[in-house]
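Reminder, nothing fancy here: chain letters follow the sequence lines and each chain counts from 1.
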Number of protein chains: 2
Amino acid sequence: MREAITLKKIAETLNISISTVSRALKNHPDISIKTRQKVNELATALDYEPNAYAIQLRTNKSNIFGLIVPSVSLFFYDSFISSVEEECRKSGYSLIILQTSDNPETELDSLRLCRQNRVSGIFICLSPETKNIEPFLKLPKQDIPLIFFDKVPDEENTNRVSHADAQAARLAAEVLLEKNKKNILAIFGNADMSITKRRLNSFSEFMHQKGAGIKVTYVNANNAQEANDCTKKYISAKKKPDAIFCMSDEILTGTMKAIQKAGIKIPQEMGILTMSNGFIPGLYHPEVDFVETSGFKLGKLAFTQMMACVNGTKLNQELTVDCTYISGSSL
Amino acid sequence: MREAITLKKIAETLNISISTVSRALKNHPDISIKTRQKVNELATALDYEPNAYAIQLRTNKSNIFGLIVPSVSLFFYDSFISSVEEECRKSGYSLIILQTSDNPETELDSLRLCRQNRVSGIFICLSPETKNIEPFLKLPKQDIPLIFFDKVPDEENTNRVSHADAQAARLAAEVLLEKNKKNILAIFGNADMSITKRRLNSFSEFMHQKGAGIKVTYVNANNAQEANDCTKKYISAKKKPDAIFCMSDEILTGTMKAIQKAGIKIPQEMGILTMSNGFIPGLYHPEVDFVETSGFKLGKLAFTQMMACVNGTKLNQELTVDCTYISGSSL
DNA sequence: ATCGTTTGCGAAACTGTTTGCAGTGGAAAA
DNA sequence: TTTTCCACTGCAAACAGTTTCGCAAACGAT
């Protein structure tokens, strides 16, 4: 094992003191230009890089954020991560990524890892299984900023970023109304998740208020397969729905499978509307209309809020990304 | 800013020395059970976590790997990352993720960050633009294990993991032969990438040897749009191909767009075969046949090779994941 | 009473970097 | 000659944790 290059090694090689080397590398005016040149040359030759651990130990600041997510490779998380990493890089931070597989225990392990690494802040998307969020709420008290994203808890006085779920679901309902749909199958996700509740409540509230004469059937599906199953059931009924609303990409993929298998023509026989970042809707033909919920935008917002916290601003509120309707050819 | 909990703080509170606290927390037999209990209680109450930086500084080992990738949110990378993270977690490592956007400069920045963080090893998928890989080849000389994955360079004496591209492309060609296709449009990726060369060479070699009477048209497409364009061109020709082979998911999405738009029936009018991890092919109806190139498997293999390096075994060879044909309904 | 062993704990060194302070020379000013 | 000043450089402490070494005190055996 070759030892790493340190200030000490450079100092010994040049027969000067460590502090001189340190200052020379930072172009400190105290050090003579001759010495600075010598030091810089040797440092470059040896590929010297300062030891982040020593700096972090000294300053008690880490320049690393932790990002805890159910899975990297699931629908929208990748784009969120991509977006946050990009912002981190711009601001000189790095990102440690931890997956929980929706397991609350693993979530706590990840939290511990973040704490051991003295991260400057944590982004977390809670798993639906997590009931006790106390360990997370403790963090801000220890001056570790915490940003909940996407699946945020209801607790007030926390930093949360999410899509404007209510607005987005309402927008979806408006679009369906405008397109004159009269018999809608609306498929939502896991009934326990607050994101589901908010989307469902807003959607149904709007339909109650303005949707006179419209029949809406509400269903919960926990995954793509369940979405597939219930779509199959409803489209083979006598009175088929004339439109299906899917709350998410995951549900859309299940639903589309059933529709394509049944050979139903879109949009002639049935309309489709989903909520998505647009990638999956764009794969189908015709391209599926969607209310855009962008992981990229959410990531940028989350990072902005994180930086505010790091800089001492205590927001402790929920910020949301507004959603827009992107027209496809499926309605 | 509340100060973090340290051994020192616990020691002062209990009026004992730091070393006693350290030993007590590790259940060192030297320390009396009474003292151990006192210390453990207080540590738990204060949510003490050892400072990873202090440990890493002393031991010069980091328990962190760096993973450098063009983009987190692009086709197969998410599943690779997911897989590597999972393995890291199991082995007590963490993962810093860095995106390069296929920019060689950003690649070098990421490398520097990894070095500053004294990562225990680096996984990297080079961007196609990168011509000079010298900075990366230096790493192993400094005892920083380096694993190239997916888009690996040709250099011998490096650790590489990739799909068995030649075997996979040959398998694809075999399948097309078996299905009795006679006029094949084969769309490959960026002509500069070694992964493209290997797949193309193997595919065409097989066709030359065994594909008597089969017409194969080879095309390169740099992205989904180009794949779409060239598919459109060839399927509107007088003598349509009876099968299209896509080298990757990215190409498949472009190709499928053109096929669906043209209303061509699959598999009756045209067969489709792609190389993929299976997610995207499964979205279409009928589901697209593919030769499986799994990011998950590749991630596991990469991690295995990394651990071998960390443990001092110098492999310096290319390992490959064998690919299998997964039958869909598109051939 | 003396010696050896065990128990329980503390002091100090070590990791790499930064930084305030304290020199050390040499030259110029008095 | 002496004082002052300046340009340059080194010393040492601090960050948090681990580890080595060794010191006391207590206890039993001789």
In whole Å, what is the span from the CD1 atom of B/Ile33 to the C1' atom of C/dT7?
12 Å
Looking at B/Lys131, I want to see if its NZ is surrounded by more than 12 non-hydrogen atoms of other residues, nucleotides or ligands under 6.0 Å.
yes
For B/Asp30 and C/dT6, give me the distance from atom CG to atom C1', rounded to whole Å.
10 Å
Rounded distance in Å - CG (A/Asn27) to C1' (D/dC8)
15 Å
Every protein N/O within reach of nucleotides 12-19 of chain D N/O, cut-off under 3.5 Å:
from: D/dG17; atom 1: OP1; to: B/Tyr48; atom 2: OH; distance (Å): 3.1
from: D/dG17; atom 1: OP1; to: B/Asn51; atom 2: N; distance (Å): 3.3
from: D/dG17; atom 1: OP2; to: B/Leu7; atom 2: N; distance (Å): 2.4
from: D/dG17; atom 1: O5'; to: B/Tyr48; atom 2: OH; distance (Å): 3.4
from: D/dG17; atom 1: N2; to: B/Arg58; atom 2: NE; distance (Å): 3.2
from: D/dG17; atom 1: N2; to: B/Arg58; atom 2: NH1; distance (Å): 3.3
from: D/dT18; atom 1: OP2; to: B/Ser22; atom 2: OG; distance (Å): 3.2
from: D/dT18; atom 1: O2; to: B/Arg58; atom 2: NE; distance (Å): 3.3
from: D/dT18; atom 1: O2; to: B/Arg58; atom 2: NH1; distance (Å): 3.4
from: D/dT18; atom 1: O2; to: B/Arg58; atom 2: NH2; distance (Å): 3.4
from: D/dT19; atom 1: O4'; to: B/Arg58; atom 2: NH2; distance (Å): 3.3

Between B/Phe149 and B/Phe123 (judged by ring centroids, cut-off 6.0 Å), do the two rings come close enough to count as a pair?
no
If you compare all heavy atoms of A/Glu318 against all heavy atoms of A/Val152, which two are closest, and at what distance to 0.1 Å?
OE2-CG2, 3.7 Å
When rounded to whole Å, the CZ to P distance for the pair B/Arg36 and C/dG8 reads 9 Å
Grab the NZ-P distance between A/Lys61 and C/dT18 for me, whole Å please.
15 Å
Just N and O in the side chain of B/Ser17: are any of them under 4.0 Å from OP1 or OP2 of C/dG10?
yes
Whole Å only: how far is the NZ atom of B/Lys34 from the C1' atom of C/dT7?
13 Å
A/Arg118 versus A/Ser62, closest heavy-atom pair with distance
O-OG, 2.8 Å
Report the distance from atom CD of A/Glu12 to atom C1' of D/dG10, rounded to the nearest whole Å.
15 Å
Can you confirm whether the side chains of A/Ser17 and A/Thr20 place a donor and an acceptor under 3.5 Å from each other?
yes
Closer than 3.5 angstrom, by distance alone: can the side chain of A/Thr59 be matched with the main-chain N or O of A/Ile55 as a donor-acceptor pair?
yes
Interatomic distance, B/Leu14 CG vs C/dG10 P [rounded to whole Å]:
11 Å
